[in-house]
Amino acid sequence: MNHTSQPPSATCTSCATTQRLSLIIHNVRYLAHNRYFCTNCLLKNHHGLFCPICFQVYHDSPPPHHRLMCLRCPSIAHRSCALPFSTTTANAASVPVFLCPTCADHKFSYFNISAADRISRTVDDKSFKVLAAASRIAAVSMSKGAAAARFEAERRAVEAAVARKRAKEAMEELTSIQAKEEEENSCCVVDLNLDARLNVTEE
Ligand SMILES: [Zn+2]
Ligand SMILES: [Zn+2]
Ligand SMILES: [Zn+2]
């Protein structure tokens, strides 16, 4: 069990890239499990939480008239960011067709660091935005995971208390039933004795 507390040598669960190659491996709460994702896989698995063009992480999803949704995946982009990448049909009233970068090109990667970046140990502005978005999504998912774990523990404690209360009530009920039965039985015994005694006196 001890080995679980230590990051599994910082390898992406999804693509198996290492921290050395992808710079950061994020620890995220994903589908109720703790996972390790590289920046690219983290963003690809969290479409809809950020704009794939400007990399702003959404607090709330942008309102319908300010967003464009990818035709093929849950990705949501700011309308203003996506318009240059979308195609409009002849009918001006129709919604522009938008494909997120991943759906437009399946080889697309959100985060690439070049050999030069590696040597200079710097990342450009765009890569920095991508890293920041991924880190933010990871942080939010972990705090939600912690909140969910706390909620689960509280729920279990409440359930345990309710179960204890029910058990106590059931025990009390049982005790009173037993007491009543015993009382009834002892009445019968008394009555029988009385009958017996009456019989004796009558004879
Ligand atoms: Zn990966
Ligand atoms: Zn945007
Ligand atoms: Zn897409």
Side-chain angles (χ1 to χ4, degrees), residues 3-89 91-92 94-119 121-145:
H3 64 277
T4 50
S5 57
Q6 164 198 336
S9 61
T11 303
C12 174
T13 321
S14 185
C15 73
T17 190
T18 61
Q19 182 152 15
R20 211 169 68 80
L21 288 172
S22 69
L23 205 63
I24 292 181
I25 299 290
H26 309 266
N27 188 7
V28 269
R29 189 88 191 148
Y30 184 68
L31 302 178
H33 292 284
N34 280 357
R35 293 275 159 82
Y36 292 91
F37 280 138
C38 69
T39 301
N40 183 41
C41 292
L42 185 143
L43 292 178
K44 283 186 175 178
N45 281 292
H46 290 83
H47 275 155
L49 298 186
F50 66 97
C51 172
I53 314 293
C54 73
F55 299 104
Q56 187 195 329
V57 176
Y58 301 130
H59 207 46
D60 294 305
S61 183
H65 58 287
H66 280 160
R67 71 183 184 209
L68 279 184
M69 295 171 86
C70 176
L71 204 60
R72 294 200 191 134
C73 82
S75 186
I76 299 168
H78 293 120
R79 198 183 177 93
S80 55
C81 293
L83 271 181
F85 301 91
S86 57
T87 48
T88 16
T89 50
N91 181 359
S94 70
V95 178
V97 176
F98 169 63
L99 278 181
C100 76
T102 319
C103 292
D105 172 12
H106 71 278
K107 283 186 188 151
F108 173 83
S109 175
Y110 281 111
F111 187 69
N112 295 301
I113 45 172
S114 64
D117 292 337
R118 240 182 279 277
I119 292 163
R121 291 174 183 268
T122 54
V123 288
D124 59 20
D125 274 359
K126 188 231 158 198
S127 298
F128 181 76
K129 275 187 193 167
V130 173
L131 266 184
S135 304
R136 183 155 171 69
I137 291 168
V140 170
S141 87
M142 288 310 275
S143 68
K144 272 191 190 155

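Numbering of ligands and ligand atoms starts at 1, following listing order. Predicted model, so just to flag it, every value in this text is computed and none were measured.
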* Asked: Is there a side-chain contact between F50 and R136, using heavy atoms and a 4.5 Å cut-off?
  ->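 Side-chain contact under 4.5 Å: no.
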
* State, to the nearest 10 degrees, the angle whose vertex is the Zn ion (ligand 3) and whose arms point to SG of C73 and SG of C70. => 110°

* Given atoms ND1 of H78 and SG of C54, what angle do they subtend at the Zn ion (ligand 2), to the nearest 10 degrees? ->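 Between ND1 of H78 and SG of C54, the angle at the Zn ion (ligand 2) is about 100°.
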
* Asked: So, the side chain of H46 versus the backbone of L42: is there a donor-acceptor pair under 3.5 Å, distance only?
  -> yes

* State whether the side chain of Y36 and the backbone N or O of A16 hold a donor-acceptor pair below 3.5 Å, judged by distance alone. => no

* To do: Looking only at non-hydrogen atoms, find the nearest pair between Y110 and P52 and report the distance.
  =>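 Closest heavy-atom pair between Y110 and P52: OH-CB, 3.7 Å.
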
* SG (C12) to the Zn ion (ligand 1) to SG (C41) angle, given to the nearest 10 degrees ->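 Value returned, to the nearest 10°, is 110°.
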
